[in-house]
Amino acid sequence: MDQDFLSHIATILQGIEADGLYKRERQIAGMQSGRIRVKGAAGERRMVNLCANNYLGLADNGEIRKAAAAALDEFGFGMASVRFICGTQTLHRELEHAIAGYLGKDDAILFAACFDANGALFEPLLSDQDAIISDSLNHASIIDGVRLSKAKRYRYAQGDMDDLETRLKQADADGARFKLIVTDGVFSMDGHIAKLKEICDLADRYGAIVAVDDCHATGHIGDEGRGTPALTGVGNRVDIVTGTLGKTLGGAMGGFIAASQPIVDLLRQRARPYLFSNSLAPAVAAGSLKAIEIARAADDLRAKLGRHTMRFRDGLTEAGFTLLPGETPIIPVMLGDAVLAQRMAQALDERGVYVAGFFYPVVPQGKARIRTQMSAALDDQDITLAIDAFADAGKSVGIL
Ligand SMILES: *Cc1c(COP(=O)(O)O)cnc(C)c1O
């Protein structure tokens, strides 16, 4: 190995450390849940977990584990094939039909992750004659997916409908054949819900296609958890939904695109992350299938999640923290400075609360935060403990 190269890499790492941006992984000794066992220098500790995407608390659900275990015995451990060679089991098609039925689309296509689904979406559907108009705060995987396509790219300021309209006009003036608007359904760092009604109205007026990445919504937002299109009453006006099996729907892994039949059919022929990557493990497919069944009927868990969200928001606001406004279980506590966010996360860690500081490049410079996420896996005592810990930690780092 070239020593110059390694010392070049070491210098970059030192820079990340010096900027206070170095991320370290803590280890959980057990299942993902509301209370988790975390490995530390002094042994294992029980902590309240406020940073999982485990909104309905299904990650350690007994029925899902049973379904996954049964599939392990009946369908084996792995497929050792991409879908179109010999990697499609009855389970995979069942899961695709279940997703499509859940989201009210003709069909769905599975990927190893939603990162791959978003990487797969644009390139096969659009050419250099077409335009993609993307919200400026869209997830990294959308940004990468858009880059992989040859379509002309336009970006509108987050949630700014005037700006979106300007870009649609611009795309028309540039002679775009087809225009596609793409947005997160729930913005993962801010917890804001996309203005889908307005977006669909503009799409109608300018003849654009609408794609929504609903990773932070499917399963827990909207009627039966059918996501932001259901919540905002535009269900069938959103043409394409991408989503994940790695968050609310059991939290294992896997992504999907749900859309009308010709779109899904073409993606099966042309989407590179589908054609050139392994099929989902049978246990993951079976567990996710069970997770969808549970999520659809989980009004009780959605209500509990909503109660926790209101209580935690109120508690932190009363304590004097600055939160981004919103209604989703994503509750960002704004700190501004990356080092302060790290210190606050550390102070909370010492008080038995597991959170993560988010800072550049995950969020813009100067907008560092602790993003907390509510879960139906938490109970009322956990919320009380967390609010008290925040107040105490805030005082210890000097922001309250
Ligand atoms: C989590 C997330 C993804 C990636 O999903 P994976 O299945 O974990 O790859 C994509 N888009 C958004 C908006 C997300 O929040």
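Computed over heavy atoms, backbone and side chain alike; hydrogens, waters and symmetry mates excluded. Read the numbers this way: they start at 1 and go in the same order the structure lists the ligands and their atoms.
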Could you find the nearest protein heavy atom to [atom] and give me its residue, atom name and distance?
atom                    : value
atom 9 (O) of ligand 1  : F115 N, 2.9 Å
atom 1 (C) of ligand 1  : K247 NZ, 1.5 Å
atom 8 (O) of ligand 1  : T244 OG1, 4.1 Å
atom 13 (C) of ligand 1 : D213 OD2, 3.2 Å

Does G255 come within less than 4.0 angstrom of ligand 1, counting non-hydrogen atoms of the residue? no

Is the closest heavy-atom distance from M253 to ligand 1 below 4.0 Å? no

Taking non-hydrogen atoms only, is A113 closer than 4.0 angstrom to ligand 1 via side chain, backbone, both or neither? both

Residue-level breakdown please: for C114 versus ligand 1, do any non-hydrogen atoms fall below 4.0 Å on the side chain, on the backbone, on both, or on neither? both

Heavy-atom pair with the smallest gap, counting every atom of H92 and L280: NE2-O, 2.8 Å

Note: ligand 1 atoms sitting under 4.0 Å from heavy atoms of N118 are 10 (C), 11 (N)

With atoms numbered from 1 as shown, which atoms in ligand 1 lie under 4.0 angstrom from a non-hydrogen atom of S141? 10 (C), 11 (N)

Separation between SG (C114) and CD1 (I257), nearest 0.5 Å, reads 8.0 Å

Is R371 close enough and on-axis enough to F358, meaning under 6.0 Å and within 45°, for cation-pi? yes

Only one of I109, I263, L275 clears side-chain contact (heavy atoms from CB on, under 4.5 Å) with R268; which? I109

Residue set satisfying ring pair (Phe, Tyr, Trp, His ring centres under 6.0 Å) with F321, at least two apart, ordered chain then number -> F390

If we ignore angles and hydrogens, is there a donor and acceptor under 3.5 Å between the side chains of R343 and S396? no

Test: K197 and D201 ion pair at under 4.0 Å: yes

